[in-house]
There are 2 protein chains.
Amino acid sequence: MGTAEETAGGEAQAWGEVTPDAARRLLIAAVEAFAERGYHATTTRDIAGRAGMSPAALYIHYKTKEELLHRISRIGHTKALEILRTASRREGSARERLADAVGSFVRWHAGGRTTARVVQYELDSLGPDARAEILALRRQCDDEVHAVIEDGVASGEFDVLDVKGTTLAVLSLCIDVARWFNVDGPWTPDEVGALYADLVLRMVGAGEPAPAQK
Amino acid sequence: MGTAEETAGGEAQAWGEVTPDAARRLLIAAVEAFAERGYHATTTRDIAGRAGMSPAALYIHYKTKEELLHRISRIGHTKALEILRTASRREGSARERLADAVGSFVRWHAGGRTTARVVQYELDSLGPDARAEILALRRQCDDEVHAVIEDGVASGEFDVLDVKGTTLAVLSLCIDVARWFNVDGPWTPDEVGALYADLVLRMVGAGEPAPAQK
DNA sequence: GACCGCACTAAGCGCCCGCTCACCTTCGGC
DNA sequence: GCCGAAGGTGAGCGGGCGCTTAGTGCGGTC
């Protein structure tokens, strides 16, 4: 299932692909600010300040404040899709693939909570075009999970009443981790990932037949 | 389990308790605006306009824009707690009570999505004092669900590995309905409530023993 | 019918927002 | 040693924000 990864320390993670160094610093500053206070409550002066630059510097690298959110959303959703795709298309039974998908998806939401929060909850602040683009990525995420669940039903591993509704519930459960997860709380991202994988297998009727409690 | 209620039409629901008529109209306008665009993106001019009044009228009934959000949050959370309490403390097995709690809680989030969205997602926009007050209500909601699940474990009806974690997951699942539910979508609030009640019973190891598919 | 209290409005204050612009470095190429 | 491009700054613009204040219409009381 692969242990935590970007879970570690500073959560600086995959922003390496953002190329001018100053642009990356601004982007990371924006992620932090958006996650803490929300897109609309964050000022461009705040973002620039966190990156150690003057307010005007932001506009050398990004056309508007919205472009920052758009870039963050696209990178984040691409990463999320990659995580789900890797798990759902690997070798193994539907049961294993679903547990892997949920486990790694949840670990990403818990460990990279700052990023995940922006990616999952600030979508409505994008303009129509940008939002449409991101929603297309999101639909692909849904499709990956849907396919695994359908595989499991077809193979008889799962017992599901409403495949579409259950898919939605599974994704919803994972995504909401970004809302409540607290780094100072009682769980590590790995623990939540394992718990959620178990819960989701139960939801699709493929839970262990009661593993002797605890 | 009691069928839908405030699910119907205009979702004007329980605001009857807000007493001067103008104050109620402003509050409803604020709920709609906050739900659509978020607290920070909503202007006091927008709220007053929706209520058919001048911008200044708002300040006769409410001291600040934040007080509006505070009032909405308190009324909403009180209603949510009442729903959970009614279901979790009625007569019946833990299985029945949990299904009832999840079903009615989900119906409230789906049917009153506008309100639920504000109540569940704009909490961070409150100041420290107001937020603390609302969080206390929320903790009581958690406790109700926790108690039912613990009852079921004690009576042997449920089989749960981590009671606290499962409680959190169940509540998280219900709350996130307010994020994705769409009135024009393929499901009615009643349908989602029934589906989710089934899924949650599976999560606690009390699902039907496969009811002959479909 | 003069009076008061009160819900409400028109106008606007002071502030801070997103964003721009004129100017200033730094640095590789010749 | 000069030059232009790239990346940065300080000052500030137009505008919309939350909120206030002076004044208005109006229903109830004696």
Side-chain angles (χ1 to χ4, degrees), chain A residues 15-73 118 122-131, chain B residues 15-73 118 122-131:
Chain A
W15 305 120
E17 67 181 74
V18 183
T19 35
D21 178 78
R24 179 171 55 251
R25 268 161 49 222
L26 283 164
L27 200 101
I28 292 172
V31 170
E32 287 173 2
F34 291 163
E36 272 178 34
R37 317 149 72 107
Y39 175 78
H40 286 293
T42 299
T43 70
T44 53
R45 284 163 175 81
D46 186 20
I47 296 170
R50 281 173 191 252
M53 305 167 96
S54 77
L58 197 152
Y59 295 90
I60 294 163
H61 300 282
Y62 302 96
K63 227 164 35 188
T64 62
K65 178 177 149 187
E66 195 196 319
E67 193 193 325
L68 267 166
L69 179 60
H70 185 191
R71 283 263 231 281
I72 292 167
S73 273
V118 177
E122 299 291 347
L123 204 132
D124 291 339
S125 303
L126 287 170
D129 293 352
R131 181 159 65 239
Chain B
W15 305 120
E17 67 182 73
V18 182
T19 36
D21 179 78
R24 180 171 53 250
R25 269 161 47 221
L26 283 164
L27 200 102
I28 293 172
V31 171
E32 288 173 1
F34 291 163
E36 272 177 34
R37 316 149 69 109
Y39 175 79
H40 286 293
T42 299
T43 70
T44 53
R45 285 162 176 82
D46 185 21
I47 296 169
R50 279 172 193 252
M53 305 168 94
S54 78
L58 197 151
Y59 294 90
I60 294 163
H61 301 282
Y62 302 96
K63 226 162 40 188
T64 61
K65 177 178 148 188
E66 194 196 319
E67 194 194 324
L68 266 166
L69 179 60
H70 186 189
R71 283 263 229 280
I72 292 167
S73 273
V118 177
E122 300 292 345
L123 203 133
D124 291 339
S125 304
L126 287 171
D129 293 352
R131 182 160 63 238

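Chain identifiers are assigned alphabetically (A, B, ...) following the order of the sequence lines, protein sequences preceding nucleic acid strands; residue numbering begins at 1 within each chain. Just the heavy atoms: all of them, side chains too, but no hydrogens, waters or symmetry mates, feed the values below.
Residues from residues 122-130 of chain B lying near DNA chain D, meaning a heavy-atom separation below 4.0 Å, are absent.
Rounding to the nearest 0.5 angstrom, the gap separating the CG atom in A:L27 from the CD1 atom in A:I72 is 4.5 Å. One finds the OG atom of B:S73 at 11.0 Å from the CZ atom of B:R131 (value rounded to the nearest 0.5 Å). One distance of note links CZ of A:R24 with CD1 of A:I28; it measures 6.5 Å at 0.5 Å rounding. Interatomic distance, CG of A:L69 versus CG of A:L123, reported as 8.0 Å (0.5 Å rounding).
Taking the 5' to 3' direction, DNA chain C first and last meets chain B under 4.0 angstrom from a heavy atom at C:dC8 to C:dG12.
Put simply, the side chain of A:D21 reaches to within 4.5 Å of the side chain of A:R25, judged on heavy atoms.
A:E66 contributes a side-chain N or O that, together with a main-chain N or O of A:G127, makes up a donor-acceptor pair within less than 3.5 Å. In this structure, B:Y39 contributes its side chain and B:D124 its backbone to no donor-acceptor pair below 3.5 Å.
For the side-chain contact (heavy atoms from CB on, under 4.5 Å) test, no residue two or more places apart in sequence or in another chain qualifies with B:D129. Residues passing the side-chain hydrogen bond (donor to acceptor under 3.5 Å, both in side chains) test with A:E67 are A:R71, sequence neighbours excluded. Every residue two or more places apart in sequence or in another chain that forms a side-chain contact (heavy atoms from CB on, under 4.5 Å) with A:H70 is listed here: A:R74, A:L126, A:A130, A:E133, A:I134.
Heavy-atom minimum distance, B:A35 versus B:V118: N-CG2, 3.5 Å. B:R37 approaches B:T42 most closely through the heavy-atom pair CB-OG1, 4.1 Å.
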Summarise protein proximity over nucleotides 11-22 of chain D in one line of letters, 5' to 3': B for base, S for sugar-phosphate only, - for none, counting protein heavy atoms closer than 4.0 Å. -B----BBBBB-
Which donor-acceptor pairs under 3.5 Å do the side chains of residues 45-63 of chain B make with protein atoms, sequence neighbours left out?
residue : atom : partner : partner atom : Å
B:R50   : NH2  : B:E36   : OE1          : 3.1
B:Y62   : OH   : B:A23   : O            : 2.9

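Dashed line: the shortest gap from a side-chain N or O of A:H61 to OP1 or OP2 of D:dA6 is not under 4.0 Å.
Nucleotide D:dA6 holds its C1' atom 9 Å from the CD1 atom of A:I60, rounded to whole Å.
Rounded to 10 degrees, the angle between the two end axes of the helix from C:dG1-D:dC30 to C:dC30-D:dG1 is 10°, with five pairs used at each end.
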